[in-house]
Number of protein chains: 2
Amino acid sequence: MPYDPSAFPPFAVTVDLVVLTVRRHALCALAVRRGEAPFQGRWALPGGFVRADEDLSQAAARELAEETGLRAHDPDSPAQDNGAHLEQLATYGDPKRDPRMRVVSVAHLALAPDLPAPRAGGDANSARWAPVEELLQQGGYGRDGEQAAPLAFDHAQILSDGVERARSKIEYSSLATAFCPTEFTVGELRRVYEAVWGVALDPRNFHRKVTGTPGFLVPTGGTTTRQGGRPAQLFRAGGATLLNPPMLRPEV
Amino acid sequence: MPYDPSAFPPFAVTVDLVVLTVRRHALCALAVRRGEAPFQGRWALPGGFVRADEDLSQAAARELAEETGLRAHDPDSPAQDNGAHLEQLATYGDPKRDPRMRVVSVAHLALAPDLPAPRAGGDANSARWAPVEELLQQGGYGRDGEQAAPLAFDHAQILSDGVERARSKIEYSSLATAFCPTEFTVGELRRVYEAVWGVALDPRNFHRKVTGTPGFLVPTGGTTTRQGGRPAQLFRAGGATLLNPPMLRPEV
DNA sequence: AGTGTTTATCGTCAGGCAGACGACTATGAT
DNA sequence: ATCATAGTCGTCTGCCTGACGATAAACACT
């Protein structure tokens, strides 16, 4: 059977980003305000079309840089620089997910340390970090008394999937360090786990666990008191990516 | 900015399937022989174009049924009928992955019990179950002395990712039962783990573990001697999908 | 200077689970 | 009858975790 270009329907392909960070003890996601129909004025996940000569991961990295200024890690290289972790999440292709046309969106998950205010084309009003609970709740009112309209398109589902991926992945990998600055303390890392999982962890058992896992943390020699209290040792992320045995998420 | 249909490049979107099963103590994948260029005559993963009115999971289920006759489970329903497990794996969109045009492929992973010979349009010579090692090795010769040419396109990468997903997922979920018929013995389930992981497991510890995990296995009351030796109890898959604590894959 | 507060860090102890492995049971094959 | 094969039940030991006590080192008060 010869190749027939009319044998398949054309699609638009986009990348959407779930960019997560931890701010003020809460798991937050980057949201942008839509300036055009459909869903004009509603919050959405950042994203855009994949270009003709671009790989999917390249498109995701480009969108991430445009929205946050972050460079993405190559997932295969050691996590040494200050870039964000970026990985493919899932692909969403319901025929009705975009009322204009057939769009397949390849969602990606990015984890970033706490950043300064987002810059979206210089318009501070069109992008923000919002707690994921606020973005995912149906109805109700957000922190500023603003009506919490649901996210545009199927972005609530995408965000929910991304959060669940992050929650499970910090169990068995060292990914939680992607939420931390280059140097961090055990307590700061513990507060990441507490924010992402929404639970309280025992500081003593947590300290024993993370410092006892080979390759997870590397002491830098320095200390800090930026959290108050007794000075804490500073660490960098070690080379290990898989934690064995994993961190255990407390029961419900 | 108004909606501009020329603002994005058109893509073809396909689904490719990694269909795994366990045959003769080996993890096998379904491969089809390509009848047309490019890669004519080479083995490839089954797959096809997503239709204009179809969701991605629908397209994957349709392709699975066309290739194997299996109906796919709804991933949210209990695994009671004899359908196969089907889940989205990852999406591959390198601009050069198909020399003809820009194709984005949404790969799916299917796990099936041992099946009769595959039927691909009635042509028994164009589809087969092959051990994944054989499909993934570069060069060398397969079981029948046939030159083991690499899989077409980037299908070796897709297959490799699918196998890795299956290997890790049977650790913390009850998915290994998807490789078994409706009723199975503990020994048969253990041989599934051994084939997928490529290791030997202690039959006594394995028996203690799986029968002691609540909701994993439900005894049917029957017994069988189809494996020889002492009659073994028959079980069905229980309702539990997540195993906590997980099965532990032995160290390398 | 002393006291309280906060955070970090070390230790102890009991319970649970996994790996190693012995022992016994119930079939079919020779 | 004996053997080979597979299944099932126990035991023991070591490791890890959760629960918690205790100490250390900073800062903010008074």
Side-chain angles (χ1 to χ4, degrees), chain A residues 24-25 170-172 180 183-195 197 199-235 240 242-252, chain B residues 22 24-25 170-172 180 183-195 197 199-236 240 242-252:
Chain A
R24 294 193 238 99
H25 294 198
I170 64 174
E171 285 188 57
Y172 58 88
C180 295
E183 294 198 346
F184 55 90
T185 70
V186 173
E188 289 164 349
L189 183 62
R190 174 169 49 83
R191 281 182 278 276
V192 165
Y193 274 92
E194 292 178 331
W197 283 346
V199 297
L201 299 175
D202 185 289
R204 299 157 289 190
N205 292 337
F206 184 86
H207 188 279
R208 177 184 59 192
K209 172 72 177 174
V210 296
T211 57
T213 299
F216 194 3
L217 300 183
V218 177
T220 66
T223 62
T224 182
T225 63
R226 61 184 171 221
Q227 296 291 337
R230 170 176 166 180
Q233 268 188 278
L234 284 169
F235 295 87
L242 254 45
L243 305 182
N244 201 346
M247 302 288 305
L248 289 185
R249 174 157 37 164
E251 302 292 319
V252 185
Chain B
V22 174
R24 292 194 239 99
H25 294 199
I170 64 174
E171 284 188 58
Y172 57 88
C180 295
E183 295 197 346
F184 54 90
T185 69
V186 173
E188 289 164 349
L189 183 62
R190 174 170 48 83
R191 281 181 278 275
V192 164
Y193 275 91
E194 292 179 332
W197 283 345
V199 298
L201 299 175
D202 185 289
R204 299 156 291 189
N205 293 336
F206 183 86
H207 188 277
R208 177 182 62 191
K209 172 70 178 175
V210 296
T211 57
T213 299
F216 193 3
L217 299 183
V218 177
T220 66
T223 62
T224 183
T225 62
R226 60 184 171 222
Q227 297 292 337
R230 171 176 164 180
Q233 269 189 280
L234 283 168
F235 295 87
R236 281 185 291 103
L242 255 46
L243 305 182
N244 201 344
M247 301 288 304
L248 290 185
R249 175 158 34 163
E251 302 292 320
V252 184

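Residue numbers begin at 1 in each chain, while the letters A, B, ... track the order of the sequences.
One N or O on the side chain of A:Thr185 and one on the backbone of A:Glu188 form a donor-acceptor pair closer than 3.5 Å.
Residues A:Arg204 and A:Met247 both approach DNA chain D. Their nearest nucleotides, taken by heavy-atom distance, put A:Met247 toward the 5′ side. Each of B:Pro246 and B:Asp202 was matched to the nucleotide of DNA chain C holding its nearest heavy atom; the match closer to the 5' end belongs to B:Pro246. Where B:Arg208 and A:Arg249 meet DNA chain D, the nucleotide closest to each residue was compared, and B:Arg208 sits on the side nearer the 5' end.
One atom, NZ of A:Lys209, and another, P of C:dA8, lie 20 Å apart when rounded to the nearest Å. Straight-line distance from the CD atom of A:Gln227 to the C1' atom of D:dA24: 18 Å, rounded to whole Å. In this structure, A:Asn205 places its CG atom 12 Å from C1' of C:dT12, rounding to the nearest Å. Following rounding to the nearest Å, A:His207 (NE2) and D:dT17 (P) show an atom-to-atom distance of 15 Å. The distance from atom CZ of B:Phe184 to atom C1' of D:dA6 is 17 Å, rounded to the nearest whole Å. At whole-Å resolution of the value, CZ in A:Arg230 and P in C:dC10 are 7 Å apart. Look at CZ on B:Phe206: it is 17 Å from C1' on D:dC9, rounded to the nearest Å. Across the protein-nucleic acid pair, A:Arg190 atom CZ and C:dA8 atom C1' stand 9 Å apart, rounded to whole Å.
The residue B:Arg226 sits apart from the nucleic acid: no heavy atom pair falls under 4.0 Å.
A 4.5 Å side-chain heavy-atom check between A:Val192 and A:Ile170 finds every atom pair outside the cut-off.
The side chain of A:Arg191 sits closest to C:dA8 out of D:dG18, C:dA8, C:dT9. When distances are taken from the side chain of A:Pro245 to each of C:dA8, D:dC16, D:dA6, the shortest belongs to D:dC16. Taking only side-chain atoms of A:Leu248, from C-beta outward, the nucleotide of D:dG18, D:dT8, C:dA26 with the closest atom is D:dG18.
For the side-chain contact (heavy atoms from CB on, under 4.5 Å) test with A:Phe184, the passing option among A:Leu234, A:Thr220, A:Leu217, A:Thr224 is A:Leu217; the others fail. Under the side-chain contact (heavy atoms from CB on, under 4.5 Å) rule, A:Val186 has a single partner from A:Arg191, A:His207, A:Lys209, which is A:His207.
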Take A:Arg249 and A:Glu171, measure what salt bridge (Lys or Arg N to Asp or Glu O under 4.0 Å) needs, and give me the verdict at the end. CA-CA 7 Å; A:Arg249 174 157 37 164; A:Glu171 285 188 57; 3.0 Å; yes

